[in-house]
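Chain letters run A, B, ... following the sequence lines, proteins first and then strands; every chain starts at 1. Being a predicted model, the structure only gives us computed values, none of them experimental.
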Number of protein chains: 2
Amino acid sequence: MLDATSSYNPMDRRIPVDDRTGQRIVPETARRGDRVSGTRYGNRPTMKDVAARAGVGLKTVSRVVNGEPGVTPDTERRVQEAIEALGFRRNDSARVLRKGRTASIGLVLEDLADPFYGPLSRAVEEVARAHGALLINGSSAEDPEREQELVLALCARRVDGLVVIPAGGDHRYLEPELRAGVATVFVDRPAGRIDADVVLSDSFGGARDGVAHLIAHGHRRIGFIGDMPRIHTAAERLRGYRAAMEDAGIPVERSWMSLGVTDPQRVRRAAEEMLSGPAPVTAIFAGNNRVTVTVVRVLAEHDRPVALVGFDDFELADLLKPGVTVVAQDAAALGRTAAERLFRQLDGTLVTPERIELPTRLITRGSGELPPAD
Amino acid sequence: MLDATSSYNPMDRRIPVDDRTGQRIVPETARRGDRVSGTRYGNRPTMKDVAARAGVGLKTVSRVVNGEPGVTPDTERRVQEAIEALGFRRNDSARVLRKGRTASIGLVLEDLADPFYGPLSRAVEEVARAHGALLINGSSAEDPEREQELVLALCARRVDGLVVIPAGGDHRYLEPELRAGVATVFVDRPAGRIDADVVLSDSFGGARDGVAHLIAHGHRRIGFIGDMPRIHTAAERLRGYRAAMEDAGIPVERSWMSLGVTDPQRVRRAAEEMLSGPAPVTAIFAGNNRVTVTVVRVLAEHDRPVALVGFDDFELADLLKPGVTVVAQDAAALGRTAAERLFRQLDGTLVTPERIELPTRLITRGSGELPPAD
DNA sequence: TAGAGCCTGGACAACGTTGTCAGATGCGGG
DNA sequence: CCCGCATCTGACAACGTTGTCCAGGCTCTA
């Protein structure tokens with residue numbers, strides 16, 4: 001774990017006590033009375049300070065800061081000078097308290113470092129920016145509790161809206177928030193036990209098409225490696241795999257499927273098992289990005305050519321030998337669509353929650369077109 | 001551009017006016033007087049509402065919410081029930097206003113979608129989390145004005161600290177913020193005209209080592225493709241290139257260097273030019289991630305083998321044929337180090353600004369060890 | 001049984017901003 | 001010269017929370 005034993009504990013619930021004496025430490029605010037030339041010592045100038053310096057009223061400063069009409073150019077100049085001189089910056093917390101809106105939206109995703117979420121996050125940010133809002137984001141690390149913790153922290157900060165890539169399966173804890181008017185859109189996976197907007201990729205259709213592609217190239221023994229079925233996308237992709245196999249009248253063997261496998265070592269083992277034995281698979285369908293990459297590594301060490309189709313595109317997939325055929329989903333489009341719906345909720349254009357599925361696209365690059373090496 | 005003509009304009013400076021009638025629209029707050037069973041209609045319950053429902057005083061609710069001592073179990077239970085029933089969530093804006101700290105830090109980087117910044121961002125987030133703080137981030141898109149806009153917006157929201165990957169070269173606009181006690185750390189590139197903490201990779205040393213590596217493998221005509229020298233890292237890497245060449249006594253020809261080139265098409269053209277003509281380069285040093293990838297693409301189409309070393313590692317570099325030799329920097333370490341310094345500033349452990357350089361690591365994978373094909 | 005001391009709970013002000021409203025100022029016309 | 005009007009300005013309350021401080025009720029002891 002990370003070290004967090006510092007004295008910076010903004011949300012600390014304990015009363016600070018001096019280690020040696022056991023005395024209560026004098027809280028910061030008690031020391032703040034001292035004034036140095038009009039501004040609180042060690043603190044930021046307020047509109048009041050600006051007003052005093054410019055020799056005008058408080059509200060006049062407010063008007064200048066917000067570009068409201070009704071201030072003579074001369075007064076405005078004096079105020080501007082005072083602002084400049086003091087380095088005044090409006091306190092948006094106070095503003096929010098008064099106005100009710102924060103002009104910020106929250107994004108909760110699984111892991112910012114995952115290349116799939118980078119573009120998604122960026123797309124959400126761009127839409128937010130176009131609406132004058134800032135983006136606060138957090139990674140749930142695929143942990144439902146951490147997701148809830150994050151979401152509630154964002155709500156406590158009164159974000160105007162939430163874009164959530166759910167880790168958990170039960171989002172009833174959001175009900176009071178929805179009632180309070182927090183716009184909410186779920187992305188990539190549907191919300192659990194709650195009626196809300198959802199924007200998804202067509203995981204089922206994409207996986208079915210990808211597997212059908214392998215079947216069309218003559219494969220019958222096709223492996224599937226994917227995440228835990230409790231994750232909606234993983235379950236849907238598995239369903240797509242099964243559907244394609246069933247459509248082709250191929251009974252699926254137990255040993256061809258590896259579920260809930262996600263870390264490289266286990267993926268590696270799973271792939272190696274499928275590829276050994278008396279009747280090894282001749283093709284593999286990889287349920288996501290990370291799995292695909294690991295499988296590529298395994299296949300690179302493998303002598304017999306094995307076909308591969310992966311769900312989700314990745315950089316350089318075209319440069320590998322052979323290029324990796326993938327079912328591509330558009331992460332940026334997911335983010336953009338979700339954010340746009342969010343802001344339409346906020347301006348009242350949107351009322352009824354909907355479920356939107358974005359199509360996927362099969363990109364053939366070679367690995368998915370290899371014939372079975374029986 | 002993105003559509004932003006909605007009625008959601010939280011930071012709008014104009015007074016809302018009805019399009020057709022020209023009448024001023026009644027502002028939200030004017031409608032909020034209506035009360036429904038104790039809570040503001042369409043609004044969130046406050047501690048006052050909880051207090052009323054639980055039949056206790058306001059401060060008692062505050063105590064329960066913050067886990068402060070001095071509340072009988074029975075009272076606490078009643079308050080908890082009221083909180084539950086009303087779906088109360090503490091308003092952190094008000095809290096901030098009162099306490100002075102927001103428990104959030106801002107991160108301004110170039111582009112969240114860039115694979116280099118994902119891990120960096122995540123590392124900052126983890127440290128923040130360990131300190132109970134949330135992360136707000138924004139992309140500057142390498143635009144100094146947008147950087148400043150973002151930073152100031154974050155300051156207005158009173159983030160406790162800032163981690164900035166600077167796009168601009170002049171950060172004097174941050175002076176009032178620093179004076180006001182906003183902890184600030186610059187990452188990846190140094191701050192301009194201001195005295196602040198900086199955490200960098202050793203771009204100069206890394207580039208010098210990378211180029212020296214090529215020289216050690218017999219190359220003398222070595223190309224350099226990098227970003228605009230106004231970007232500090234780009235300038236440093238160029239300096240490293242020149243230093244290595246000079247150390248080896250190789251005079252650098254003008255045509256070997258391509259600066260300020262960053263989009264794929266121009267990188268492609270630059271690489272092709274270096275590789276043609278009477279005395280083409282036999283090796284290329286790529287100044288960053290994106291350049292490296294594009295050069296790999298060009299070389300893949302090229303018949304004669306050309307050695308390549310890239311600055312900054314990327315996923316799958318090992319899987320290409322040949323594997324790409326890189327000077328790796330640790331993005332996560334950059335983020336972690338920066339964030340840790342930030343919180344040490346916040347708890348007062350750290351006072352004097354410092355410049356920290358993190359070492360790079362040469363990872364040989366094949367492309368950098370190719371002999372010159374003279 | 002009275003008084004000291006502790007524990008619990010609540011009234012109140014303050015944080016920095018914005019909306020309301022009324023007062024001040026200046027100008028032109030009667 | 002004074003009134004009316006428009007324009008500009010400022011006093012004040014409110015937003016929801018937390019820190020301070022005091023009151024009232026309890027227990028314990030002399």
So, OP1 or OP2 of C/dG10: does either fall under 4.0 Å of a side-chain N or O from B/T60? yes
Which nucleotide, C/dT18, C/dG9, D/dT17, lies nearest any side-chain atom of B/F88? D/dT17
From D/dG19, D/dC15, D/dG10, nucleotide with atom closest to A/R63 side chain: D/dG10
For B/A82 and B/A54, the nearest pair of non-hydrogen atoms, with its separation, is CB-CB, 3.9 Å
Given D/dG19, is OP1 or OP2 found less than 4.0 Å from the side-chain N or O atoms of B/K99? yes
Look at A/N66 and C/dT18 and indicate whether a side-chain polar atom (N or O) is within less than 4.0 Å of OP1 or OP2. yes
Looking at A/S62, I'd like to know whether one of its side-chain N or O atoms comes within less than 4.0 Å of OP1 or OP2 on C/dT18. yes
Residue closer to the 5' end of DNA chain D, B/K59 versus B/S93 (nearest nucleotide): B/S93
Would you state whether a donor and an acceptor, one from the side chain of A/R158 and one from the base of D/dG16, lie under 3.5 Å apart? no
Distance test, side-chain N/O of B/R95 to OP1/OP2 of C/dC15, below 4.0 Å: no
Determine the minimum heavy-atom distance between B/T352 and B/D197, stating which atoms define it. O-OD1, 4.4 Å
Ring geometry between A/F186 and A/H171 (parallel below 30°, tilted from 30 to 60°, perpendicular above 60°): perpendicular
Using a heavy-atom cut-off of 4.0 Å across all strands, would you classify A/G70 as base, sugar-phosphate, or nothing? base
So if I take every side-chain heavy atom of B/A94 and compare against D/dG16, D/dT9, C/dG9, which nucleotide ends up nearest? D/dG16
Could you tell me whether the phosphate oxygens of C/dC15, OP1 or OP2, come under 4.0 Å of any side-chain nitrogen or oxygen in A/T46? no
